[in-house]
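Report on the following structure.
Residue numbers begin at 1 in each chain, while the letters A, B, ... track the order of the sequences.
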2 protein chains.
Amino acid sequence: MSHTLGIRQAQKQKTRQALLDAALALLEEQSLSSLGLREVTRAVGVAPTAFYRHFRSTADLGVALVEEALGSLHPMIRTTVSTTGDREERVTRTIDLIARHVDGYPAHVRFIARERHGGVQPVREAIREQLARFAQEVKDELAKDPVSEGWSEDDLLMLAHLYVDQMLSTASLFLEALEGPEEERPERTRQVAQLAARQMRLIGLGRHHWLD
Amino acid sequence: MSHTLGIRQAQKQKTRQALLDAALALLEEQSLSSLGLREVTRAVGVAPTAFYRHFRSTADLGVALVEEALGSLHPMIRTTVSTTGDREERVTRTIDLIARHVDGYPAHVRFIARERHGGVQPVREAIREQLARFAQEVKDELAKDPVSEGWSEDDLLMLAHLYVDQMLSTASLFLEALEGPEEERPERTRQVAQLAARQMRLIGLGRHHWLD
DNA sequence: AATTCCAGAGAACAGTTGTTAACTGCATGG
DNA sequence: CCATGCAGTTAACAACTGTTCTCTGGAATT
């Protein structure tokens, strides 16, 4: 299916990935709008001009990072929302999955949270687009649930957006716990999980009584 | 009560405010971590070194902006949450108030949304602190409501945080509508208001059935 | 009226930035 | 095997950055 890349293309993609990785690391302590192109190439150990072989600008690199951070997340969303089991079990399962993701890709989560309202318009738009896709997918899954019978399309999308925002907010809180002092980490993580669980439970309750 | 400031102090506060205003304007198209001190003084028409008479750094200025943007908002929050009237009326009243605020201080709203997860730690912390105070105040108001009888402190605070996040998210959406093309503005604004109203209604429903 | 204080100006610093042009060496396709 | 393509290099550019030190004019204090 996929044609094996030549030595040339492989090497190119390798440095491209190195640029993305270095940028993501540098973005832990600043925003994209202050990220310099030379800063990134210096971190990779490559000439500044090499940057242009891969990206037009740092904004362009940012859009690529959005793709990397959110693009591969769609299947996970789908399977999570449509997971079977007890109501309470589904809540804890979802939160646990978010916690795991934050743990595995903290820099990606921070990048999205930071640049969602950040100073670089094309990046904001890219994130908005991806999140809109998420909301759409969540809506599709919600629609399958018998609880959603009689719901209008608008209301389903409204609920989906609420869930997506909730997930992002929770992810951000997990990240804060992760960045705090190590000895407080387990306790803070537990608190965040508890808070998120209660909020999801409350939203779930509102969902069940929506058509009263 | 307040001692009238001398000519000296008055002039100083005037340039200080000019620096804050210029910074806020410049931050419409970038993040604080990329805001240069010279950039700000140039916009005001003052020597770069004058900056140090007022702020240690741009991060310091950022913290002052947080104070300006959120500090004066507490009374408004209190009166809004504890407003009387029909359930549905309270929802629309609150949303209308948010819309008005975004309309009146768009730059402030953008600044908070942008720097809440931004690249400057002291500013993030200042925002977090102010929002935590908001949540606390909302909790206090919620506690007075007879609907909250039997609620634990944790649950009240949980709900308060949910409301605060919801308000911020709504404000950000209003801002996007405001920044979009002028001919779409009324329609987009209406949609945002409708979305926010439904979400608040759903959360209110969950609130009423919390103790089932 | 004489003195102190201090917001802001001015000049200079070493270091940084994005972008250009012309180059080199090696993988690739004919 | 040779010619082309192209990822990455080198060098140079004008413009910009934060920070230091010295200075000045006028308000504040005595």
Quick one: do the A:T80 and A:T94 side chains pair a donor with an acceptor below 3.5 Å?
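No.
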Donor-acceptor pair between B:Q17 and B:E68 side chains, under 3.5 angstrom
yes
What nucleic acid atoms does B:R42 come within less than 4.0 Å of, heavy atoms only: base, sugar-phosphate, or nothing?
sugar-phosphate
With a cut-off of 6.0 Å (strictly less than), are more than 12 heavy atoms of other residues, nucleotides or ligands near CD of A:E153?
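No, not enclosed.
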Would one find more than 12 heavy atoms of other residues, nucleotides or ligands at under 6.0 Å from atom CD of B:Q136?
yes
Would you say the side chain of A:R8 and the base of D:dC6 hold a donor-acceptor pair, judged only by whether the two atoms sit under 3.5 Å apart?
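Result: at least one qualifying N/O pair found.
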Would you kindly check whether a donor in the side chain of A:T49 faces an acceptor in the base of D:dT10, or vice versa, at under 3.5 angstrom?
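When only heavy-atom distances are counted, A:T49 does reach the base of D:dT10 through a donor-acceptor pair under 3.5 Å.
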Separation of [N] [atom2] from [X] [atom1] (nearest whole Å):
X	N	atom1	atom2	value
B:Q13	C:dG8	CD	P	11 Å
B:K12	C:dA7	NZ	P	4 Å
B:L35	D:dT17	CG	P	10 Å
A:R53	D:dG5	CZ	P	13 Å
B:Q17	C:dG8	CD	P	13 Å
B:F51	C:dG8	CZ	P	13 Å
A:L37	D:dT9	CG	P	13 Å
A:R38	D:dC16	CZ	P	16 Å

Which class fits the ring pair B:F55 and B:F51: parallel under 30°, tilted 30 to 60°, perpendicular over 60°?
tilted
Compare the minimum distances between each of [options] and the side chain of [X], then state the nucleotide with the smallest one.
X	options	answer
A:A47	D:dA7, D:dG18, D:dT9	D:dT9
B:Y52	D:dA7, C:dT17, D:dG18	D:dG18
A:I7	C:dT17, D:dT9, C:dA27	C:dA27

5′-ward residue of the pair A:R16/B:Q9 relative to DNA chain D
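Comparing both residues, the 5'-ward one is A:R16.
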With a 4.0 Å cutoff (strictly under), does any side-chain N or O of B:T15 reach OP1 or OP2 of C:dG8?
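True: B:T15 side-chain N/O within range (under 4.0 Å) of C:dG8 OP1/OP2.
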